[in-house]
Amino acid sequence: MVAVRQRPEPRFPGGLEGQWVSVEELAELELFKSGKRAFKVKINTNFALQAGKSEPGIKAAVKREYKAGEIICSAGEYGSTAFLIVEGSATAFVPERATPKPVPGRSRGSLARITDMFRRRTQAPRATPADELAVGEVSRYASLEARATPPPVTLGPGDFFGIDTCINFYPREATVRAEERCVVIEMLRSVLDTIRDAGSAAGKIEETYQSSAIRNQIRLSRLMQDLTDEDVEELVGKAELLDPESDQVKNGVIYAEGDPADAIYLIRAGTVKVSQSRDGTERIFSYLGRGSAFGFENVLPSRQKTPLVLRCVSHPELVAPLEIKGTLTIGRGASCEIALPRDNSAVGRKHALLEERDGEVAIVDLESANFTLLNGERIQRASVKSGDRVTIVDYVFEISREPLEQTVMAAPVVRAATVTGLDNFEVVKIDVAALKRSARHNDRFAASLTQVARTLEASAYREGGGQRDIVKPLVELNLYNSQNTLLIDLERCTRCDECVKACSDAHDGVARFTRDGPRFGKYLVTMACRSCTDPKCMVGCPVGSIRRTDSLEIQIEDWCIGCERCANQCPFGNINMVERPAAPAPKVAADAKAAPAPAAQLKATVCDLCSGYDSPNCVYACPHDAAIRVNPAEFLSATDTR
């Protein structure tokens, strides 16, 4: 039985609510001044009047008035509009804690049940250690989890804000409050896109966005929590915001193994892969998501490629220290690189060898009569590291790493791995030299930097293990940035199609998903919206009718013009075009010629998680609990993908 549909009226039946702003009024504002023909054509298209009406069919920009103390927009909310202050002043600030608004049509109990759906039913919720790096959007308020927030910013006439959520599709990072009577122009994302594409103010918008993004990311990073205001501003001046279109990024590669290590990086949006290439194969260390940091080779000596040295601590006068490079044979034979006394017959002619390969060193016993010991234990072959001791009969060798100042102080520090961005991403590149200058005069920051960087670096270069075992299959299945995926357990499913029928009944007879798609293990990934952290469907909508709401679902408003752009851009084919109900034909006199029937109009449709219901109907209607809504990274284990 399907839940009773609660169908609230569309929030914006024909665009934004409020006082429509005409093209002539906009033309007087600096933000909308441009001599480019393309810009004028797009603006006139966006703001065209409907025949016989005083307002356009889609109100893409409206004028709003706020009293002193009123909130214009709130941090943590998904948004699809930007703002320009015309009169008055406002303050933008990041609150210490963001409180989510209730989701329309859903009770607190239903939200708890939905949240529980996304967890694995057969295992207890997993506690995430503070130092574990996550993949994708961990929560709607991930950007607000910080001990030190940026200082408030005063905004006045001519200033614009709210552009962050329109550009990167993440929640708003700041709350903006009117300090006095404040008049603003609120515009849909499509209008902002028009200005960025062809307007003369495009450069100013990009500069404002990048400066704000860099400053906020540095302020919100736990890596930088002990910086002074002066330190932050110095780093901001030397930092850059990189995305897939940046000149420094080639085919998604942020930097490659062996490149100069001249910066560290903070991930603002998206997911990156840390890997090495060995013998023609890719060795993946980890996938890092929003809020993570990487690239510490030039900050921490422990990651620098200083050589391992073999020292004979039992007979230092007999064997000189030797850098372990290539293959070193130990024995009493004349051809051995490390020759022990020939009269000691207990030592084999070729007793053992040390083999350095791709930065790793192994000790191999060459079938000697008196064995080779590593830290007191007999071995045949084993990896060695700094601090290990190798014993061959009476000779004890210690493996150590040379101090930095004695070996590579003058040598350039290079990258130990390649970092590649997956899909769309934003990373803040911070100059290492500026970072080190801050650390030299700020002991607290230096200690914090070392501690946090060691944790992050160790996590980034740890191959496999724990939850990371599931990340590679998630990436291969294109589920790594999915926040809410409809899976069907094929061992439970009886193919009764009740899930599809329930979806169709809840959406005016048009199902919003298909019971088909890729399969892994016992699960089917249905063709239903996945609530991606990187929603490609939302890029470039000419009328701004597609947006994300606070409960993660993608919604398409009724003013959709049926251009099919979102459907074509969804990489999973989860947006469908349907015909709108035909408008009734106008009545004509009996002897008059009948007017041609109006052409069918298309509208995009997508799974909206049954917005307005108490729970998703596909899950509610399944009689066998086969249909489940999950966050793949949290729900699945490595065994599920086999």
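The first residue of the sequence shown is numbered 1, and numbering continues consecutively from there. Quick caveat, the model's predicted, so the values are computed rather than measured. Just the heavy atoms: all of them, side chains too, but no hydrogens, waters or symmetry mates, feed the values below.
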* Ionic contact status for R389 with E398, cut-off 4.0 Å -> yes
* Report yes or no: does Q276 contribute a side-chain atom to a donor-acceptor pair with the main-chain N or O of A416 at less than 3.5 Å? => yes
* Asked: Does the pair K436/D431 count as a salt bridge with the N-to-O cut at 4.0 Å?
  -> no
* Indicate whether any N or O donor in one side chain lies under 3.5 Å from an N or O acceptor in the other, for T418 and E257. => no
* Asked: Is it the case that T91 and E179 place a side-chain donor and acceptor less than 3.5 Å from each other?
  -> yes
* Minimum heavy-atom distance between L192 and A82, given as atom pair plus value -> CD2-CB, 4.2 Å
* Closest approach of A261 and N298, non-hydrogen atoms and distance? -> O-ND2, 2.8 Å
* Examine the side chains of E282 and S275 and answer whether a donor and an acceptor come within less than 3.5 Å of each other. => yes
* Asked: So, E173 and R268, do they make that salt bridge, N to O below 4.0 Å?
  -> yes
* Any luck finding a side-chain donor-acceptor pair between E240 and Q248 under 3.5 Å? -> yes
* Does R530 count as lying over the ring of F572, i.e. NZ or CZ under 6.0 Å from the six-ring centre, within 45 degrees of the axis? -> yes
* **side chain to side chain contact (heavy atoms under 4.5 Å, CB included) evaluation trace for V432 with E297** => CA-CA 10 Å; V432 161; E297 290 93 340; over 6 Å; no
* Does a salt bridge link D231 with R437, judged by any charged N lying under 4.0 Å from a carboxylate O? -> no
* Evaluation steps, side chain to side chain contact (heavy atoms under 4.5 Å, CB included), between F160 and L155 -> CA-CA 8 Å; F160 42 89; L155 305 170; over 6 Å; no
* Structure fact -> OG (S212) and CZ (R219) are apart, to the nearest 0.5 Å, by 12.0 Å
* Asked: Less than 4.0 Å between a side-chain N and a carboxylate O, is that true for K204 and E207?
  -> no
* Structure fact -> Nearest heavy-atom approach of C537 to Q569 is O-NE2, 4.0 Å
* Would you call K385 and E360 a salt bridge, taking side-chain N to carboxylate O under 4.0 Å as the test? -> no
* Asked: Are R444 and D226 ion-paired here, with the side-chain N under 4.0 Å from a carboxylate O?
  -> yes
* side chain to side chain contact (heavy atoms under 4.5 Å, CB included) between F32 and M187, worked out -> CA-CA 12 Å; F32 291 86; M187 66 195 79; 4.0 Å; yes
* To do: Report yes or no: do D193 and S190 form a side-chain donor-acceptor pair below 3.5 Å?
  => no
* To do: Could you tell me how the ring of F294 sits relative to the ring of Y255: parallel (under 30°), tilted (30 to 60°) or perpendicular (over 60°)?
  => tilted
* Derivation and outcome, side chain to side chain contact (heavy atoms under 4.5 Å, CB included), residues I218 and L266 -> CA-CA 8 Å; I218 291 175; L266 308 177; 4.2 Å; yes
* **Any V309 side-chain heavy atom under 4.5 Å of I324 side chain** => no
* **4.5 Å side-chain heavy-atom contact, D534 and K536** => yes
* Asked: Around K238, counting heavy atoms of other residues, nucleotides and ligands shown, do more than 12 lie under 6.0 Å from its NZ?
  -> no
* To do: Kindly say whether A75 contributes a backbone atom to a donor-acceptor pair with the side chain of T175 at under 3.5 angstrom?
  => yes
* To do: Give a yes or no on whether a salt bridge exists between E337 and K325, defined as a side-chain N under 4.0 angstrom from a carboxylate O.
  => no
* Scan R172, R548, R547 and name whichever one has a side-chain contact (heavy atoms from CB on, under 4.5 Å) with T165. => R172
